[in-house]
Amino acid sequence: MATMVSSAAALLAMLSENHPSLKLHALSNLNSFAQYFWPEISTSVPLIESLYEDEDFSQRQLAALVVSKVFYYLGELNDSLSYALGAGPLFDVSEESDYVRTLLDKAIDEYAGLRNKVVKANAETEKIDSRLEAIVERMLEKCIFDGRYQQAIGMAIECRRLDKLEEAIMRSDNVQGTLSYCINLSHAYVNWREYRHEVLCLLVRVYQKLPSPDYLSICQCLMFLDKPEGVADILEKLLRSDKEDDALLAFQIAFDLVENERQAFLLNVRDRLSKPPKSLSSEQVQPVSEDPQSSQNENAATSEDVQMTDGNIASKGNLHEMDPIEKIYAVRLSKMKGVLSGETSIQLTLQFLYSHNKSDLLILKTIKQSVEMRNSVCHSATIYTNAIMHAGTTVDTFLRENLDWLSRATNWAKFSATAGLGVIHRGHLQQGRSLMAPYLPQTGAGGGGSPYSEGGALYALGLIHANHGEGIKQFLRDSLHSADVEVIQHGACLGLGLAALGTADEDIFEDIKNVLFTDSAVAGEAAGIAMGLLMVGTASEKAGEMLAYAHETQHEKIIRGIALGIALTVYGREEEADTLIEQMTRDQDPILRYGGMYALALAYRGTSNNKAIRQLLHFAVSDVSDDVRRTAVLALGFVLYSEPEQTPRIVSLLSESYNPHVRYGAALAVGISCAGTGLSEAISLLEPLTSDVVDFVRQGALIAMAMVMVQISEASDSRVGTFRRQLEKIILDKHEDTMSKMGAILASGILDAGGRNVTIRLLSKTKHDKVTAVVGLAVFSQFWYWYPLIYFISLSFSPTAFIGLNCDLKVPRFEFLSHAKPSLFEYPKPTTVPTTTSTVKLPTAVLSTSVKTKARAKKEAEQKTIAEKTSGAETSTSASATGKGKMSVEKDGESMQVDSQSEKKADPEPSFEILTNPARVVPAQEKYIKFLEESRYVPVKLAPSGFVLLKDLRPSEPEFLSLTDAPSSTPSAAGGSAATPQQGSTAATMAVDEEPQPPQPFEYTS
């Protein structure tokens, strides 16, 4: 029978014995019972330590292990780890105990910290204990051996052991899946930008070793590493392949890269693609189409109509003389260059937004009627809302129908009204200049239009060509050179900054800098912003030059423009921007500290970096300037947009601050980071702020709520309907203050942006930041001091579309499945006549309807008598289908129920919906999208939305195409487009509806 040990005193006494075997017996038992008797053992720690330090004692490591356990229970983890290292192999990393797990965590943290210091110092300034390294390596080996690859990868990345990272990846049972996990891990948890690049370089090398590399992922990594030559090599290899699948993959890669909106990188890739033989490349090409019907419509804006800019593709005639492989390559190359320039995706998006436009013009009409003519702010807000509501649709019906009302805009309101056309026609790259021609500065004696219209038109050209300005940059430069009016210079600078976004063009920078140095407040403000737009993400030393000028000038507007411009230059540079951020945030000028908050926000955009969050929270509660505090809170939205669910939690206390500026910042922070998500926590946080006691807080909350709710249906969240009714109430309330009313008007536009077919998306589907979208929201958030910047929000709009493309980059018509109830993701229902007028007209409407109903019922009775004689059976069947002896009557396109009780019961809603390519697919719907099993088309890459290349499984069958007609864009009397609203929109319905029939003769009696 085993005896229970009740004390360690006897074992401790044996440690003083001379015989080694007695000491070994004592240490073995003390090691076993350390968790029970550690208080007693702790009194003899010096004795056990002396055994460890005795180099002649054969069981030194066992003594170290006992001491380590005692220190662990005493809470001295540093000492415990130190002795655990001395225990050598006796410290068993595979042991499942709290002691071992805690010390392993401690060891990994210690080792990772030392490795970081060594690597950052670029020298062996810190000597890493070889025993510590051995423990970490044993742990990594055990994880790999046990098949816990993700754990091994996490440890290897944290400890900066790229050799072990590669080993873990190559030994995993699913290398492709493990590589994808590594990419996500590096973006989410590697906070040091330079080290993230090292990880991605390793992943690219591992990818390339695989027998079938994942070129989609490789090219995404290469884009992040800014290696256009690597992407160009892969695309060229795929395009030269004789397999159609490889060409489809190449186009899919290109569309995915375009989604990240890095203009300079994409143009660099395009220009590196090899050219066909020189003897065959003297003229521009229009690729030879295999489809004889493709020439029937010369205006069809398909992918084959893309105009090449470098003139290095073979001409159509020469294509027939080429080697077949070279011919295929030339045609594919032509299409590829159109994709990389962004023109193909822009053209397809333009056609989608035009053909699917569901704008509700009655909302705009209601806003217009409720806005007082004397209130220029609300008048302008209505113009902004119209532009946002029709962004990219080319439909300017509202403007053309309200020319007299529009003409009341003066000065800067006229500037904004003209610039709004740029938002409506965004993407009309080929015809943008002709669309704006009536407003552009005129040369010669015939010139002399309003400088506000001319400046607005130049700004509009920038909005039309935003991030794709190759074709318009020179015209904007010429306009800037010839302009001597600050309003025109203002518009030209903004337009040029938008068109040349991120290209870092030295000549354009000098042009804009010359405007800045004129020290004109209005032109200088736009110049400061434009310099930042031009140098987005370059971390150029020119930022120092801009900062120096900000200290010299006396104009607050110029300082504010420069502050934002400097922030834009450090976009995405993370720790590389720390020196400049420190310099700005310590400046005595609150406007430059304000710029420092944006620099922090944009440098660490979407990283959820703890250091950046701590800094912003510090300024949010400590700075003496309300502007800086407001911006510090707002900036959290940019840092956290990759983890939107975190933002409401972090700013919840700030949203209850006594300071209204902080509350405003909290509202917009949630709006920015949770845009388009419909996140319940975000809506709950914003709801009380929409009824705040301070007007500008209400304004910010209404705009933020619209950003969160964009493309969220009332069926998904009933609060969407409540919010729409709240907006209508605020707009119609004559006693509501101007700031709140402006917020409600803008919110109405954002809710229905882009014809109800766009959302705000700051991350691409590959989880990279969308540069233009983030920059657009950053500049938009300045609208509180300069309203024309409101239009920058259009840069963040992303179409909620599934657009499947075949190998010719055309859109074939086919069906796929949305496995969810249609009501969950349907368009909002059209609005009805506002309640203020319906109460007045209601008696007349009822009276008229009553007369019509009686007359029609009498006529129907006569027809029914005749019908019963000829086809009684048919009549009885239809009667039974409509209810208990009652029937539905339809005539002249109108329908009515003879008896309200005869309404038949609604059919149960189906649990799925069949969609036709191209289709509107909102973000929340993406998880329900599935391809039909018998579908003719199979996607190259499984993607629920966006541009998806399709493999045709039945190429011999005839193909039916969609999106074959471009929106017509002939200039109208308004100087905009005469694009006719498509069928299905409210405007089209109003235009097509027939006049109601005159009432039947009747006799009036009192």
Please tell me if the side chains of [X] and [Y] come closer than 4.5 Å, counting only heavy atoms from C-beta onward.
{"X": "V206", "Y": "L202", "result": "yes"}
{"X": "L568", "Y": "M535", "result": "no"}
{"X": "L762", "Y": "D769", "result": "no"}
{"X": "I464", "Y": "I472", "result": "no"}
{"X": "D952", "Y": "N806", "result": "no"}
{"X": "L179", "Y": "I169", "result": "yes"}
{"X": "F797", "Y": "I760", "result": "yes"}
{"X": "V258", "Y": "F947", "result": "no"}

Roughly how far, to the nearest 0.5 Å, is [atom2] of [Y] from [atom1] of [X]?
{"X": "L225", "Y": "I218", "atom1": "CG", "atom2": "CD1", "answer": "12.0 Å"}
{"X": "H428", "Y": "L350", "atom1": "NE2", "atom2": "CG", "answer": "5.0 Å"}
{"X": "Y827", "Y": "R756", "atom1": "OH", "atom2": "CZ", "answer": "9.5 Å"}
{"X": "L348", "Y": "L809", "atom1": "CG", "atom2": "CG", "answer": "8.0 Å"}
{"X": "L248", "Y": "K941", "atom1": "CG", "atom2": "NZ", "answer": "14.0 Å"}
{"X": "N174", "Y": "S180", "atom1": "CG", "atom2": "OG", "answer": "8.0 Å"}

Answer yes if the side chains of [X] and [Y] hold a donor-acceptor pair under 3.5 Å, and no otherwise.
{"X": "S818", "Y": "Q925", "result": "yes"}
{"X": "N467", "Y": "T772", "result": "yes"}
{"X": "Y937", "Y": "E959", "result": "yes"}
{"X": "Q711", "Y": "T759", "result": "no"}

What class does the angle between the rings of [X] and [Y] fall in, given that below 30° is parallel, 30 to 60° is tilted and above 60° is perpendicular?
{"X": "F352", "Y": "H356", "answer": "parallel"}
{"X": "H187", "Y": "H768", "answer": "perpendicular"}
{"X": "F816", "Y": "F931", "answer": "parallel"}

Minimal non-hydrogen separation, [X] against [Y], with atom names:
{"X": "L953", "Y": "S935", "answer": "CD1-O, 3.9 Å"}
{"X": "A387", "Y": "G420", "answer": "CB-O, 3.7 Å"}
{"X": "L440", "Y": "A457", "answer": "CD2-CB, 3.7 Å"}
{"X": "E926", "Y": "P944", "answer": "O-CB, 3.2 Å"}
{"X": "V758", "Y": "P799", "answer": "CG1-CA, 4.0 Å"}
{"X": "S798", "Y": "K770", "answer": "OG-NZ, 3.2 Å"}

>> How about NZ on K767, more than 12 heavy atoms from neighbouring residues, nucleotides or ligands closer than 6.0 Å, or not?
In response: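 It does not: K767 NZ has 12 such atoms or fewer within range.
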
> Does the salt bridge (charged side-chain N to carboxylate O under 4.0 Å, His left out) test come out yes or no for E470 and K337, once each step is laid out?
Replying inline: CA-CA 13 Å; E470 278 195 306; K337 294 202 168 190; over 6 Å; no

Contacts under 3.5 angstrom, residues 502-509 side chains, donor-acceptor by atom type, not counting sequence neighbours:
unit_1 : atom_1 : unit_2 : atom_2 : d
T503   : OG1    : A500   : O      : 2.7
D505   : OD1    : D507   : N      : 3.0
D505   : OD1    : I508   : N      : 3.1
E506   : OE1    : K542   : NZ     : 3.0
E506   : OE2    : K542   : NZ     : 3.3

> Can you list the steps and then say if L805 with L949 is a side chain to side chain contact (heavy atoms under 4.5 Å, CB included)?
Replying inline: CA-CA 5 Å; L805 302 170; L949 272 294; 4.1 Å; yes

I'd like to know if the side chain of [X] reaches the main chain of [Y], judged simply by a donor and an acceptor atom lying under 3.5 Å from each other, with no hydrogens or angles considered.
{"X": "R761", "Y": "P923", "value": "no"}
{"X": "R813", "Y": "F960", "value": "no"}
{"X": "N917", "Y": "G804", "value": "yes"}
{"X": "R920", "Y": "F825", "value": "yes"}
{"X": "T800", "Y": "V922", "value": "no"}
{"X": "N260", "Y": "R262", "value": "no"}
{"X": "T344", "Y": "G338", "value": "yes"}
{"X": "R270", "Y": "S341", "value": "no"}
{"X": "E229", "Y": "R272", "value": "no"}
{"X": "N757", "Y": "G755", "value": "yes"}

> Could you walk me through whether I183 and C221 pass the side chain to side chain contact (heavy atoms under 4.5 Å, CB included) check?
Replying inline: CA-CA 8 Å; I183 290 174; C221 291; 3.7 Å; yes

>> Using a strict threshold of under 4.0 Å (side-chain N to carboxylate O), is an ion pair present between K335 and D808?
In response: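 So D808 pairs with K335 through a salt bridge.
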
> Going through the distances and angles, do C219 and M223 end up as a side chain to side chain contact (heavy atoms under 4.5 Å, CB included)?
Replying inline: CA-CA 6 Å; C219 288; M223 181 202 67; over 6 Å; no

>> As a quick check of understanding, evaluate side chain to side chain contact (heavy atoms under 4.5 Å, CB included) for F792 and L498, giving each step before the final call.
In response: CA-CA 9 Å; F792 270 82; L498 282 164; 3.4 Å; yes

